Amino acid sequence: MKHNLVEVLEKKGFSPDQIHEIQLGLEEKLDVTCYASKDYLAIQMYQIRLGLKEGLPVEDYTNPSYDWFQMEEIRIGLSHKIDVRVYAKPDIPYPMMRELRKGLEKEMDLSPFLHLEVGILRQLRKSILSGISIIPYIKEGYDEEQLKAIRRAIHERIPVEPWLTPYYKGDSIREISIGLSRGLDVSLYASPDFSWRQMREIRLGLEHRIDVSLYADPLYSYSQMEEIRIGLEHKLDVSRYGSLMYTTKEMHRRRLLLEKNVDVETEETGGIPVQEEGFYITVSEDSMSAHIHVADPRRIPDRKTILRVLRQNGICHGIDEIAIDGLISGTYQGNGTAIARGTPAIPGRDGWYEYFFRTDLNRKPRQLPDGSVDYHSVEWFELVKEGQKIAFYHEPGEGSDGKTVTGQILSASPGKEQPRLSGTGFKLLPDQKTYVSALNGRIELTNEHLSITNVLLLEDATAAGGDIDFDGSIQVNGNVGTGTVIHATGDIVVNGYVEAAELSCDGSVLVRQGVNAAGSGQIHAARDIIGHYFESANLYAGGEIQSSYCLNSTLFARGMVYAMDGKGMIAGGTAYSESGFRIRNAGNTAGVSTRLVTGITEDLQKENARIIHQLKELQDELNMLDNTCQDYQRRFKPEVRNTMRFYLDLEEAIESKQKQLEVLEKQAEEMTGRLNKTDSADITIRHILHDNVIIEISGTIWRGESLKHVTFKKTPEGSIDLET
């Protein structure tokens, strides 16, 4: 029957991709009559079929005048239950549809701005979402890339406005913004005379504290600037190659010679032997040593002759009198005896930063002598005040000059300058060395990136105060009451107790006392959750969960779950960890029902299946797009198809889908890593496993009597192995 259908459709002129979509629809028991027409391309059929599968009113976009991209935007809008009538119009291009659709999903009607270019509309949408106004810049005629750079600068609180001009490209505005954020004198490069690449070279020079005036000239190309900048950073005499008469290639060649202490004009370094009857003296290539070679050991020259030859040939420094005495006395044989040694230059100490805050905070609870854990000892973050001195830059030392055996001075290279600190939330004072905080907040240093972010300090948090949604970290010095809702883009630290509240954050949650959530409280953290105890709580951690004990709670952690102190326990409820458990006691003497789950779960398998399905669908889409693209390439000459909007949109869609495919492939790779990690997940109970505790590893369940000191592992055959 299937074969007959294919033959019928082929005779009617349907393409293989169109036939495939009709077949899939029939297999999925869909009403294919609404798209089984040659009026539709296969990729249009695909969008209608997806809508039918979701039970959407596909009649809203089955008009063949919609291209495939428009159909997709309408289908997604219907799926997200927004009013697609705002943009479901054939004369609205699909990129514009996409921006309108994304705006409606955030309850934002952008239809009054349809007169704008789609890129500008995109930046307007993103700015509104961030609570930023860029409308004045839109009115001044800034393009999409410029607006993007302006929006990011405003979002990062960078005072870029005084430097803005429509003459700058977006990349140039970005270079100025970076300079301002790092306390640089951007007036040295904020000029339309410089390209953004030239600006970057000047900015990098300022960051490394070199004299940029030696190359801050628009006549230099950015690559010539780079050669001079690198030379200055290495303390070279850039006047030997930094002339505009040299190409970038020649500058590069001369710089490398200077780095090797080779004269760029003669390209010579010495090493010429000095002759004398019966013996000769050689000087090393770097002129840092001289050696005497005697032809006949029985005819050793006297001291006066040796010193004369050394003097006549310019060897005047580091002469080894002991070596000469040994040679004359016969102690040394004279075959290559070192007779003079130069003094090497000693480079100066590199520049370094002195910090006036703790950079080594202890984020792990301290174990007390009795085996319990002190959660009050955890140092989660350090707070600073506006204007507080936080760092000081110590300039590099000069070093000590050296000298060759011929008396040539070897200039000591000064210590290397360190780049200026990058980050946000601080200011560099006019001395260009002292850093102070620009706000009251949390300070953190990561790989020379310094950030000071907002911290909201509360004594107590209650439902009466309303929901709290804060851009930064939150510290509650007291307690969090029932019904309180708190969200932070940073961390949440509670020094007291938490009742039946809802806490969520993009960082970690630390509760120094404990949580009694009465079965309804929830904590969601993108990273770790740490607390003294959790009772009747629901916890989700993208990282680890660590506590002294958990009672009647539901736990989920991608990382490890720990309850290891002297009374560490998980009793009651269900705890799941992708990575495994390290706990002291499981269950309790009352025999409360407890479930510990690790390894591959049904939810993890579903998530993996979803990614695999999305990958397949996206690859199918790409195949159809490629086939359509190839069809157009066969039917139309380049000069024709390159003027067709549909074909240009098709190429853009292929590029977009390929980027989506890369993202999905990365997700699939991460999922593979998670699945592999679960293969080695185990459950270790260091003290007592009580009765009525269920152990589950990757779907295999163990029930048994009380045990002590046991580790549960999954065997290759799928059973659970016990190690006691």
Side-chain angles (χ1 to χ4, degrees), residues 371 373 515 517 519 523 528-531 533-609 671 673-724:
V373 172
V515 177
I523 298 178
D528 302 333
I529 297 177
I530 301 174
Y533 69 83
F534 299 102
E535 292 188 9
S536 302
N538 299 291
L539 311 180
Y540 175 92
E544 298 176 349
I545 294 177
Q546 184 172 347
S547 70
S548 290
Y549 73 87
C550 297
L551 182 62
N552 297 323
S553 295
T554 299
L555 314 181
F556 176 92
R558 284 193 176 181
M560 197 75 74
V561 172
Y562 294 96
M564 288 295 293
D565 70 2
K567 298 180 181 179
M569 174 186 69
I570 295 179
T574 298
Y576 169 72
S577 165
E578 282 186 15
S579 304
F581 292 81
R582 298 290 182 270
I583 59 180
R584 185 167 175 78
N585 300 293
N588 58 16
T589 54
V592 61
S593 177
T594 306
R595 190 181 190 96
L596 304 181
V597 184
T598 192
I600 300 175
T601 62
E602 185 178 348
D603 287 342
L604 195 60
Q605 289 175 326
K606 285 181 179 178
E607 188 176 351
N608 183 48
M671 175 58 69
R674 289 173 63 186
L675 292 172
N676 291 338
K677 194 174 181 181
T678 60
D679 285 342
S680 58
D682 58 31
I683 299 174
T684 297
I685 293 114
R686 297 288 171 85
H687 192 47
I688 299 176
L689 170 70
H690 292 277
D691 291 334
N692 209 18
V693 175
I694 298 172
I695 302 293
E696 182 178 336
I697 303 180
S698 298
T700 301
I701 295 175
W702 178 92
R703 292 183 177 88
E705 298 179 349
S706 177
L707 294 170
K708 285 188 176 182
H709 314 295
V710 62
T711 295
F712 295 88
K713 294 182 177 180
K714 185 77 172 286
T715 68
E717 293 76 26
S719 60
I720 293 180
D721 184 35
L722 281 69
E723 296 179 2
T724 57

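Quick caveat, the model's predicted, so the values are computed rather than measured.
- Using a 4.5 Å heavy-atom cutoff, the side chains of T598 and F581 are in contact.
- We find the CD1-OG distance between I530 and S547 to be 10.0 Å, quoted to the nearest 0.5 Å.
- A donor-acceptor contact shorter than 3.5 Å is absent between the side chain of Y576 and the backbone of R558.
- Taking CG of L555 as the start and CZ of F534 as the end, the distance is 8.0 Å to the nearest 0.5 Å.
- If you take CD1 on I697 and OG1 on T601, they are separated by 13.0 Å, rounding to the nearest 0.5 Å.
- S698 and G599 make their closest contact through OG-CA, 3.5 Å (heavy atoms, listed as atom of the first residue, atom of the second, distance).
- Panel note: side chain T715, backbone I720; no donor-acceptor pair is recorded below 3.5 Å.
- The shortest distance between side-chain heavy atoms of R686 and R582 falls below 4.5 Å.
- Judged by distance alone, the side chain of D721 and the main-chain N or O of K713 form no donor-acceptor pair under 3.5 Å.
- Between K714 and I683 the shortest side-chain heavy-atom distance does not fall below 4.5 Å.
- Side-chain atoms of L596 and I583, non-hydrogen and from C-beta on, do get closer than 4.5 Å to each other.
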Using salt bridge (charged side-chain N to carboxylate O under 4.0 Å, His left out), reason through R595 and E696 one step at a time and then give a plain yes or no. CA-CA 8 Å; R595 190 181 190 96; E696 182 178 336; 2.6 Å; yes

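- Counting only heavy atoms from C-beta outward, the side chains of I685 and F712 approach each other to under 4.5 Å.
- Counting all heavy atoms, side chain and backbone alike, H690 lies closest to S706 at CA-OG, 4.1 Å.
- The two residues G559 and S577 make their nearest non-hydrogen contact at O-OG, 2.6 Å.
- Separation of atoms CG (L539) and CD1 (I545) is listed at 5.0 Å; rounding is to 0.5 Å.
- Closest of all the heavy-atom pairs between A571 and V592 is CB-CG1, 3.8 Å.
- Side-chain contact between M671 and L604 is present, with heavy atoms from C-beta onward closer than 4.5 Å.
- A donor-acceptor pair under 3.5 Å is absent between the side-chain atoms of N552 and the main chain of E535, judged by distance alone.
- Under a 3.5 Å cut-off, the side chain of T684 and the backbone N or O of T711 do not form any donor-acceptor pair.
- Summarising the geometry of G568 relative to R584, their closest heavy-atom pair is O-CB, 3.3 Å, with the distance given to 0.1 Å.
- Distance CG/N585 to OG1/T594: 11.0 Å, rounded to 0.5 Å.
- S553 contributes a side-chain N or O that, together with a main-chain N or O of S536, makes up a donor-acceptor pair within less than 3.5 Å.
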Set out, in order, the CA-CA distance, both residues' side-chain angles and the distance that settles side chain to side chain donor-acceptor pair (under 3.5 Å) for T554 and T574, then state yes or no. CA-CA 5 Å; T554 299; T574 298; 5.8 Å; no

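- Taking CG from L707 and CD1 from I695, the interatomic distance works out to 9.5 Å, rounded to the nearest 0.5 Å.
- For the pair N588 and M569, the minimum side-chain heavy-atom distance is below 4.5 Å.
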